[in-house]
Amino acid sequence: MSQTVSFPVGGMTCAACAARIEKVLNRKDGVQAAVNFASERAQVELEGSGTTVGDVIAAVRKAGFSVDEQSVDFAITGMTCAACAARIEKVLNRMPSVQGSVNYAAERAHVTYVPGIVTPDDLATKITKAGFGVSRLDEGKREDPKAKREAVWRRERNRFLLTFVLALPLFIEMFGMLLGRMETVPLAVQFVSATLVQFVCGAHLYRRAWNAVRGGSANMDVLVVLGTSIAYLFSAVVAILHLPQPVYFEASGAIITLISLGKLMETRAKVRTSAGIESLLQLQPQTAHVERDGVLVDRAVADMHTGDIFVVRPGESVPVDGEVLDGASDVNEAMLTGESVPVLKQVGSEVFGGTINANGMLRVKATGVGSDTALARIVCMVEQAQGSKANVQRLADRVSGIFVPAVVAFAVATFLIGWLVTGSMTWSLISAVSVLVIACPCSLGLATPTAIMVGTGRGAQNGILFRNADALEQAEKLTTIILDKTGTLTQGRPTVTSLHPAEGVSADRLLAVATSLEQNSEHPLARAIVDYASTHRATILSVDGFKAIPGLGVEAQIDGEAALLGSPRYLTQAGYSLDALPVAALENEGQTVIAVATGGHLLGIVALGDGLRPDAISTVTALKARGIKVVMLTGDNERAAAVVARQVGVDDYLAGVLPQHKAESVTKYRAEGAVVGMVGDGINDAPALAAADVGFAVGAGSAVALDTADVVLMKSELAAVLDAISLSKATLSKIRQNLFFAFIYNVLGLPLAALGMLNPIVAGAAMAMSSVSVVSNSLLLNRWKPDSHH
């Protein structure tokens with residue numbers, strides 16, 4: 001049976017690349033490939049020789065070319081335990097080019113695939129055929145997790161109430177038995193009540209169990225259906241044939257009722273695990289006051305476009321991101337940064353959707369709407385983190401995958417061995433039912449993701465955004481933290497402290513040339529010189545042939561003469577002598593020195609200073625107290641770096657590191673076996689942030705930071721790094737507690753049930769409560785707060 005697939009190929013630079021890929025693929029058995037360089041696509045025909053689509057993609061990548069992947073997120077309904085999530089992953093990962101990850105607690109699936117080989121519709125169809133409900137989560141059109149789970153909770157509540165009412169005769173009988181009275185309720189009434197509970201209230205259990213078995217796996221529903229069906233059928237046979245055996249109608253009915261109660265409580269608790277996302281979603285208002293033909297009209301925020309002019313009145317929330325055109329007001333940005341102190345916004349200031357206008361009226365031009373707002377990006381980032389998996393969860397996933405078949409085998413062994421040893425089929429049967437009912441893979445499946453959901457949500461409420469579960473897990477393991485100097489340890493807002501013109505050169509001439517060379521640069525040092533010049537009314541000269549030399553300086557033509565500006569090292573290499581100027585003295589004071597020359601003559605130097613962040617020293621001290629090695633990284637010269645390193649008390653520092661070499665410094669420490677965190681501003685430190693085990697972007701709400709860093713700290717405080725590590729430790733502690741409780745519950749419960757020491761009703765209650773206890777323990781993370789001394 002042949003199969004034809006077509007997919008995009010990246011990295012081809014000429015037709016020879018296409019020919020090379022064809023040659024590599026056509027060597028494989030049963031493969032006929034044609035690669036089009038112009039369209040950058042490969043069309044491959046497989047003739048059933050055993051070569052798979054995955055083999056083809058791997059061969060293309062091994063040849064040095066890329067096969068672009070896309071990702072899609074789905075909301076999944078109908079999962080009842082971790083085994084369901086494992087089953088969906090298994091179904092998805094069997095598909096060519098597909099890698100799926102399913103989070104039971106978040107009820108989400110994140111799937112990467114190669115377009116052209118499969119489509120999102122193919123993925124959704126596979127999930128549906130496995131017996132689950134599926135809907136695509138389109139960015140910007142997210143459903144409110146609380147509203148969704150509230151609807152599920154109402155359904156579970158109604159189901160429980162119906163089950164409880166129908167099972168009431170069975171509970172009356174059960175209490176009668178505790179008082180030593182048999183058949184308090186007539187056997188016929190028990191039979192009818194148990195039948196209704198088993199096949200009406202438990203119909204969804206049978207349906208889901210059948211879907212699981214049909215899909216080639218088993219889940220918690222299979223265990224419950226097996227256990228209760230055995231108890232019910234045994235009792236039904238005894239009742240119909242009037243056999244001299246006790247009946248267990250109350251056991252089957254009570255188990256289904258208790259499981260329904262447990263599911264109700266679990267659902268209620270899971271509503272609260274999404275509190276972080278819920279609080280973020282509620283921040284953005286639904287309507288905005290938009291200008292239309294000079295008149296203010298109320299428009300739905302969802303209908304706004306970039307460029308719309310809108311007004312924000314005192315006390316209202318800003319609807320979307322924008323730039324202030326008129327007005328001035330204090331704006332509370334606590335939802336973004338976790339800082340309660342309002343920020344002054346005036347003409348030219350940037351405002352963010354969801355922040356609260358305090359006292360003045362602002363007229364704003366929309367610059368980001370829908371999924372392009374900072375709030376939307378934050379919600380998306382938190383959702384991705386809550387839907388991702390930590391490494392610590394993989395053990396639980398492996399156990400859950402084989403859990404149900406192992407429990408069924410254990411129950412069969414319990415029945416056979418018990419019957420053989422005791423000679424009592426009834427005792428052995430009830431023990432086997434207890435084994436089936438008490439086993440619970442749910443608690444294992446919920447242990448990690450519920451803690452991650454609460455932890456990441458709590459972090460988001462305090463301006464700490466984790467990109468994924470791995471970042472949350474790794475943060476507590478850090479042994480080395482590298483801090484970028486400018487903008488991280490320091491304020492990042494350098495100012496000109498002094499001018500030192502060369503002999504025979506005026507300060508005005510030095511400042512004019514320096515300002516002219518730096519006027520179009522966005523570098524913090526350049527902006528400091530331009531700002532200083534604007535207050536001193538410096539002359540701006542005509543500049544031609546401008547060229548930036550990364551990490552060193554700039555060169556250009558001014559009035560037909562070559563002009564240079566940059567580090568003292570750069571100008572020394574260019575042949576200028578700076579011996580007559582106080583370069584060393586200024587650098588020894590921790591100042592940054594910029595030298596300027598034109599027409600072959602040195603004009604002088606400009607000294608700039610950048611003050612330490614108020615919390616720099618205390619944060620470095622606290623990190624070292626935790627046993628973490630602290631390293632400073634800077635492009636500044638050795639002397640300037642040594643001054644700052646001494647002031648803040650770092651263990652080590654690296655000076656004169658060019659931007660493109662920062663990532664190499666991170667890699668060097670990782671190669672020595674350290675678990676490395678890199679702390680930067682999220683913009684020019686992007687490669688280093690990506691190279692670290694955990695990259696922290698401090699005080700950065702930019703799209704670059706949200707796309708690059710593993711942890712985005714919306715606060716402008718360096719101490720937020722300590723909060724992120726603290727939250728990581730608290731979350732990992734909860735995960736370990738949950739996994740311990742989940743494992744110990746099953747390790748102790750199953751043998752007790754097998755030995756006949758647990759009544760099936762007690763086993764059912766224990767199973768129902770195990771998941772609730774794990775979720776409730778995770779919810780205790782909501783008590784976590786950033787350290788008060790920050």
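In what follows, every heavy atom counts, from backbone to side chain, and hydrogens, waters and symmetry copies are set aside.
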(request) Check whether any side-chain N or O of Thr112 sits under 3.5 Å from a backbone N or O of Ser71 as a donor-acceptor pair, and report yes or no. (result) no

(message) Can you give me the closest heavy-atom contact between Ser577 and Leu602, atom names plus distance?
(response) O-CD2, 3.4 Å

(message) We want to know whether Thr731 and Trp784 form a side-chain donor-acceptor pair, criterion being a heavy-atom distance below 3.5 angstrom.
(response) no

(request) Report the C-alpha separation of Leu565 and Val513 in whole Å, then their side-chain angles, then the decisive distance to 0.1 Å, and conclude whether the side-chain contact (heavy atoms from CB on, under 4.5 Å) test is met. (result) CA-CA 9 Å; Leu565 178 148; Val513 173; over 6 Å; no

(message) Between Lys345 and Glu350 (side chain of the first, backbone of the second, donor and acceptor by atom type, cut-off under 3.5 Å), is there such a pair?
(response) yes

(message) For a 4.5 angstrom cut-off between non-hydrogen side-chain atoms, does Thr515 reach Ser534?
(response) no

(message) Looking at Ser726 and Leu722, would you say the former's side chain and the latter's main chain have a donor-acceptor pair under 3.5 Å?
(response) no

(request) Enter the distance from Asp693:CG to Tyr669:OH here, rounded to the nearest 0.5 Å. (result) 14.5 Å

(message) Quick one: does any side-chain atom of Asn777 pair with a main-chain N or O of Ser773 as donor and acceptor, under 3.5 Å?
(response) no

(message) Please give me the minimum heavy-atom distance between His500 and Leu581, naming the atom from each residue.
(response) O-CD2, 3.8 Å

(message) On a heavy-atom basis, which atom in Leu623 and which in Val630 lie closest, and how many Å separate them?
(response) CB-CG2, 3.8 Å

(request) Taking all heavy atoms of Val676 and all of Leu478, pick out the closest pair and write down the distance. (result) C-CD2, 3.6 Å

(request) For atom CD of Glu672, decide whether the heavy atoms of other residues, nucleotides or ligands shown that lie under 6.0 angstrom number more than 12. (result) yes

(message) Please check this pair: side chain of Asn462 against backbone of Ile464, looking for a donor-acceptor N/O pair closer than 3.5 Å.
(response) no

(request) Check whether any side-chain heavy atom of Thr619 lies under 4.5 Å from a side-chain heavy atom of Leu489, and answer yes or no. (result) no

(message) Show the nearest heavy-atom pair for residues Ala724 and Ala475, with the distance to one decimal.
(response) O-CB, 4.5 Å

(request) State, to 0.1 Å, how close Asp330 and Leu344 come at their nearest heavy-atom pair, and which atoms those are. (result) OD1-CA, 3.6 Å

(request) May I have the step-by-step check of side-chain contact (heavy atoms from CB on, under 4.5 Å) for Tyr570 and Glu555, ending in yes or no? (result) CA-CA 11 Å; Tyr570 175 47; Glu555 61 181 45; 3.4 Å; yes

(message) Can a donor-acceptor pair be found, under 3.5 Å and without considering hydrogens, that links the side chain of Ser728 to the backbone of Leu472?
(response) yes

(message) Can a donor-acceptor pair be found, under 3.5 Å and without considering hydrogens, that links the side chain of Thr488 to the backbone of Lys485?
(response) no

(request) Kindly say whether Ala607 contributes a backbone atom to a donor-acceptor pair with the side chain of Thr497 at under 3.5 angstrom? (result) yes

(message) Under a 3.5 Å distance rule, please check whether Ser733 uses its side chain to pair with a backbone N or O of Lys729 as donor and acceptor.
(response) no

(message) To the nearest 0.5 Å, what is the distance between CG on Leu654 and CG on Asp484?
(response) 11.5 Å

(request) Verify, without hydrogens or angle tests, whether Asp615 (side chain) and Ala719 (backbone) share a donor-acceptor contact under 3.5 angstrom. (result) yes

